[in-house]
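Note that the coordinates shown come from a computational prediction; the quantities given were computed from them, not determined experimentally. Order of the sequence lines fixes the chain letters, A, B, ..., with proteins taken first and strands second; residue numbering starts at 1 for each chain. Any value given below was found using the heavy atoms of this structure, including those in side chains, with hydrogens, waters and symmetry copies removed.
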Amino acid sequence: MADEKKTLVKVEHLKEYFNIKTGMFKSTPLKAVDDVSFEIKKGETLGLVGESGCGKTTVGRTILRLYEPTDGKIFYDGVEIKSKASLKEFRKKATMVFQDPYSSLNPRMTVTDIIAEPLDIHKLCKTKEERKARVLELMDYVGLNSEHAVRYAHEFSGGQRQRIGIARSLAVNPEFIVCDEPVSALDVSIQAQVINMFDELQDRLGLTYLFIAHDLLVVRHISDRIAVMYLGRMVEMGEAQEIYNHPMHPYSKSLLSAVPVPDPKIARANKRIVLEGDIPSPLNAPSGCPFRTRCRYATEACAESMPDFNDVGGGHFVACHRVAEIN
Amino acid sequence: MDHLLEVNHLKTSFFTNAGEVKAVNDVSFTLDRGKVLGIVGESGSGKSVTAYSIMQILAPTGKIVGGSVLLDGEELVGASEKKMKEVRGNKISIIFQDPMTSMNPTYTVGHQLEEAIMLHTNRNREQAKARAIEMLRLCNVNEPEKRVKQYPHEHSGGMRQRCMIAMALACEPDILIADEPTTALDVTIQAQILELMKSLQEELGMAIIMITHDLGVVAQLCDEVIVMYAGGICEHGTADEIYYNPKHEYTKGLMRSIPTADTAGHKLQPIEGTPIDLLNMPKGCPFAPRCENALKVCITHAPCKVRINENHTSSCWMCIKEGLEAGTMKPEDLPEDAREVLING
Ligand SMILES: Nc1ncnc2c1ncn2[C@@H]1O[C@H](COP(=O)(O)OP(=O)(O)OP(=O)(O)O)[C@@H](O)[C@H]1O
Ligand SMILES: Nc1ncnc2c1ncn2[C@@H]1O[C@H](COP(=O)(O)OP(=O)(O)OP(=O)(O)O)[C@@H](O)[C@H]1O
Ligand code: SF4
Ligand SMILES: [Mg+2]
Ligand SMILES: [Mg+2]
């Protein structure tokens, strides 16, 4: 199904290094995203998972060019986003939804003004009436009541605030949305409401999502494909069910085995692959494979070179020297 | 049988400018040695305040307004601060969600551990130092001799949480209360911490109260589960009863809303509506405004607690109705006016 569709977003060898001051005159590059390549098809949801600090948000922000990439290319609909003009067009088609529904909205603005802000910035409405009608339409999309329009953000619950944030992101009529942990701060029951809404909006408006989350149950539910990151690198990517049921990279294996399953009998019987130690600092990432310091399969070769991100069949990509032996 | 901890009809309120917030409203449960009790429920349902009430570490505006807390048969509500100091640390320890807020950034981890140990046990500085290192090692902290000399900010989130657990366990409590101990951590680190808690619990034989909104964590760790809604217990039972035989409409909704292997490509089944506002509590069942099966009586009268079996209770009018139909409950058990609404409505 997915391969008949055309590629909307294409990222090639993306790098985002932050310079961190490590002394009076010294600075060290923090490789937040290091040589990441992938594609997202039109209408598809690519889930992006990995531990805190592995570079998920940075990938999202760099694709949207909220950060200037250190290196690599970003194509949107076949066009490289490079010139000012292409960037300006791109900004209308691609937006972001943020994690925290509490701090990402100005509490002193009314719902109408929050949602209409991008409309005003891009001068998308000619008249007051048009602006008002568009805001009400957007509120309807996300299941907010029209009487909410004049109320202030702080009067709303977490789930409702997340809806306001999403309505605002939809204002410019985007085609592609980077959703950065959009349901992580919500209770399970409310989370389900918001996930359904993402689903419905995708069907209705043909949206394409990069969906960042650390809850793997949520990611499996919503994604067509899943990509796993570790320490700035992408280590595995493939069809969602395939990744979930047959992870091939040692890191993905332990990550998935660690997911607490909400079923006592399964949970008690579950053999978890508990990883030793902590994730290394990205300021001094290990040589070779970034996972080797915690990997039980690591050999000398793993310290020598970074494994390639290879298709092992059916669009299932893995970056591990020993992928064939251990699977 | 005597229970290690017995909480009876506990009520705690906050007195705010906007009015009285009944954060914990008639909560009762017992806890025995070596057991793990999970408390789940949505944000604001009163999980933390229940724990803080047991420990009596409430904010100044908060007050226990009713009920009792018996520890080894001894009443804690109304006990002196001196007595409570003894309880906290010696008998009951708590670990919080964010270890950074509960550690002092200006002292080394070792110093804080030693202080806690000296405060709660009869050890001198030298002995406390040895004990601190021993506790850290027990909590899978590698190179504990080095770690004690570091400050909290020099540790990762997982490492800090392990130090917090070490601190909480240093005084060998009978009960460990863990308030969302892994919510801020990554899944692989969470798995480490949960394994650690489980093995320590088995080794030391303490009881754990595990507060979380993660139903996966509860499934993995808990023998018994309390489900809270709007300050009260809506359902209580063994983990298997709660997961495989939920009876309260809220619990059922909660279980249905979790994404599973089978939901991919389908719609999830959320609980509609918005969470409760404790300042505007409905008259009847607090869940009634969001309940798709609400009866008339649900809106007018609060349900009483019903025994489903020896391992399971639920406070839901649907269960009462079933009980009446099955003959396990008698109409006389209900208040007269409620009975009328139930039967005629
Ligand atoms: N603006 C910045 N300046 C310097 N370093 C940064 C900046 N943004 C992120 N980093 C660093 O880059 C790395 C990747 O961060 P990023 O926020 O992308 O991770 P993440 O995967 O989104 O984590 P989380 O799950 O915690 O949100 C981290 O080590 C982070 O500290
Ligand atoms: N200091 C306070 N002043 C006023 N109200 C308070 C105070 N502390 C807690 N509350 C209220 O008491 C209720 C219960 O809060 P509690 O912290 O126990 O919730 P919780 O179940 O632990 O939620 P969460 O999952 O978000 O931690 C909430 O409605 C909260 O707003
Ligand atoms: S490349 Fe080596 S260290 Fe990296 S995941 Fe594979 S086996 Fe482990
Ligand atoms: Mg992030
Ligand atoms: Mg809490």
Given the rule in the side chain to side chain contact (heavy atoms under 4.5 Å, CB included) test, do Ser189(A) and Arg256(B) qualify, once you have shown the distances and angles that lead to the verdict? CA-CA 9 Å; Ser189(A) 62; Arg256(B) 269 198 303 263; over 6 Å; no
CD1/Ile271(B) to CD1/Ile190(A) distance, rounded to the nearest 0.5 angstrom? 7.5 Å
What part of Val218(A) gets closer than 4.5 Å to chain B, counting heavy atoms only: side chain, backbone, both or neither? both
Does Leu255(A) reach the side chain of Val187(B), with side-chain heavy atoms less than 4.5 Å apart? yes
Correct closest heavy-atom pair for Ala219(B) and Asp263(A) would be CB-N, 3.6 Å
Decide whether a cation-pi geometry holds between Lys265(A) and Tyr244(B); the criteria are a distance under 6.0 Å from NZ or CZ to the six-membered ring centre and an angle within 45° of the ring axis. yes
As an exercise, state the distance from CG of Asp199(A) to NE2 of His266(B), rounded to the nearest 0.5 Å. 11.0 Å
Flag the one option from Val217(B), Asp240(B), Leu215(B) with the top tally of heavy-atom pairs under 4.5 Å to chain A. Asp240(B)
Could you tell me whether Lys22(B) atom NZ has more than 12 heavy atoms of other residues or ligands within 6.0 Å of it? no
Among Ile258(B), Asp262(B), Asp277(B), which residue has the highest count of heavy-atom pairs closer than 4.5 Å to chain A? Ile258(B)
Rounded to the nearest 0.5 Å, what separates atom NE2 in His213(B) from atom CG in Leu186(A)? 9.5 Å
Heavy-atom neighbours of Glu292(B) CD exceed 12 at 6.0 Å: no
Return yes when atom OH of Tyr297(A) has more than 12 non-hydrogen atoms of other residues, nucleotides or ligands closer than 6.0 Å, and no otherwise. yes
Using a cut-off of under 4.5 Å on heavy-atom pairs, state which of Ala192(A), Gly53(A), Ala258(A) scores highest against chain B. Ala192(A)
With Arg163(A) via salt bridge (Lys or Arg N to Asp or Glu O under 4.0 Å) - residues at least two apart: none
Spacing of CG belonging to Asn196(A) relative to CG belonging to Leu268(B), to within rounding of 0.5 Å: 5.0 Å
What do the steps show when you test Thr188(B) against Glu51(A) for side-chain hydrogen bond (donor to acceptor under 3.5 Å, both in side chains), and what is the final call? CA-CA 8 Å; Thr188(B) 60; Glu51(A) 279 169 289; 2.5 Å; yes
Engaged part of Ile195(A) at the chain B interface, taking heavy atoms whose separation is under 4.5 Å: side chain
Check: Pro259(B) main-chain N/O paired with His221(A) side-chain donor or acceptor under 3.5 Å: no
For chain B, the option from Glu200(A), Arg268(A), Arg220(A), Gln191(A) that forms the most heavy-atom pairs under 4.5 Å: Arg220(A)
Report which part of Glu272(B) has an atom under 4.5 Å of a heavy atom belonging to chain A: side chain, backbone, both, or neither. both
Point-to-point distance, once rounded to the nearest 0.5 Å, from CD of Gln193(A) to NZ of Lys267(B): 13.5 Å
Gap between atom OG of Ser45(B) and atom CG of Asp187(A) - 0.5 Å precision: 8.0 Å
Of the listed Gly41(B), Cys222(B), Gly44(B), Gly273(B), the one with the largest count of heavy-atom pairs under 4.5 Å with chain A is Gly273(B)
Check each atom of Glu42(B) against the heavy atoms of chain A and say whether the ones under 4.5 Å are side chain, backbone, both or neither. both
